[in-house]
Amino acid sequence: MPTEGPMLDTFGRAARDLRVSLTDRCNLRCTYCMPAEGLDWLPGDAVLSADEIIRLITIGVTELGIEAVRFTGGEPLLRKDLPRIVEAVSALPGHPETSVTTNGLGLRRHARALADAGLSRVNVSLDTLDRDRFAAITRRDRIADVLDGLAAAAEAGLTPVKVNAVLHPEGGLDDAPALLAMCLEHGFSLRIIEQMPLDAEHQWSQADMITADQVVERLSRDYVLVADTAPRGSAPAQTWIVDGHHVTHADGTVTPARVGIIASVTRPFCGDCDRTRLTADGQLRTCLFSTTETDLRALLRTGADDAAIALAWRGATWGKLPGHAINDPGFLQPTRPMSAIGG
């Protein structure tokens with residue numbers, strides 16, 4: 001195992017993208033994520049403080065080659081100290097790209113402060129534009145707040161604004177063209193994600209899931225999609241050019257409009273994965289579907305120095321498995337749901 005330079009695993013992948021969950025709490029109750037009554041949240045003293053989060057990210061950026069940091073949850077905008085964390089991370093050497101994945105409910109209030117703190121962009125979860133279906137999926141009648149949040153993010157310059165959609169098995173395919181039309185109109189970037197087995201109640205079924213092929217087929221009825229030949233690298237989305245549509249960027253450049261499809265289940269991209277993950281309680285995970293974790297919080301709170309934490313992080317990454325094995329007969333869904341892991 002190399003003890004300096006990029007943080008490698010035994011398959012030669014370098015972990016450069018860090019996902020940091022700031023909280024397991026959320027103000028929605030999406031049916032594919034958690035029960036209506038919510039979950040047993042982490043106690044306050046189990047969750048990393050802002051100083052602990054900043055220290056771990058600093059080690060990742062300055063010692064381990066992390067180049068991009070995505071703040072997730074739960075719902076990260078529930079952390080009142082988020083702007084402080086963003087400002088500290090954005091100021092690190094090399095100025096890593098910082099982004100937030102949010103349900104958008106609080107984005108109208110916080111977009112400007114996050115932009116001022118140095119946040120690069122946002123990903124907003126939105127599965128449908130149908131108000132009734134949104135309320136049924138999320139168990140909250142809050143779609144207007146999400147749409148206001150998207151507009152506020154664009155106005156604050158948190159671009160490209162990305163919209164993440166997990167299509168519902170009932171009616172979701174017909175939501176896809178409407179979501180794409182909205183994104184094309186406003187210059188947002190749509191990413192449609194196959195539903196993964198990360199629900200708290202373990203009700204996920206591959207047989208009920210909308211697949212990437214189904215999405216392409218449905219969108220192709222309304223749009224001409226051309227497979228993007230640009231190198232994908234470690235990006236999770238396969239992108240398609242939406243023929244006849246363009247995006248004008250803040251600097252005045254114009255590029256073809258694209259839609260991305262993240263086929264985590266039917267077309268795994270584990271061989272190019274460059275992600276490493278921290279949960280809100282300071283557990284290091286090398287994969288969304290890891291069955292083991294490395295306790296960095298314990299190291300922080302028992303006086304370990306930065307070198308020891310970096311070495312533990314490297315060791316966990318070195319042992320990263322080749323893939324998530326969702327399609328293997330012996331696959332076991334992780335005990336933690338997505339809200340407790342971080343997207």
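Throughout, residue positions are numbered sequentially from 1 according to the sequence presented.
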_Show the nearest heavy-atom pair for residues Leu129 and Met182, with the distance to one decimal._
CD1-CB, 3.7 Å
_How close do Leu296 and Ala312 get, counting heavy atoms only, and between which atoms?_
CD2-CB, 4.3 Å
Are the side chains of [Y] and [X] in contact, using a 4.5 Å heavy-atom criterion?
X      : Y      : value
Arg285 : Thr279 : yes
Leu150 : Leu126 : yes
Glu194 : Leu167 : no
Pro96  : Glu67  : no

*Counting only heavy atoms not in Arg232, do more than 12 sit closer than 6.0 Å to its CZ atom?*
yes
*Quick check: are there more than 12 heavy atoms from other residues, nucleotides or ligands sitting under 6.0 Å from CG of Asp40?*
no
*Between the main-chain N or O of Leu22 and the side-chain N or O of Arg79, is there a donor-acceptor pair closer than 3.5 Å?*
yes
*Hey, would you say the Tyr32 and His168 ring centroids sit under 6.0 Å apart?*
no
*May I ask you to decide whether Asp274 forms a salt bridge with Arg13, counting only side-chain N to carboxylate O separations under 4.0 Å?*
no
*Please lay out, stage by stage, how Thr101 and Arg70 fare under the test side chain to side chain contact (heavy atoms under 4.5 Å, CB included).*
CA-CA 7 Å; Thr101 294; Arg70 173 92 60 89; 3.0 Å; yes
*Separation of Ser234 OG from Arg275 CZ (nearest 0.5 Å)*: 6.5 Å
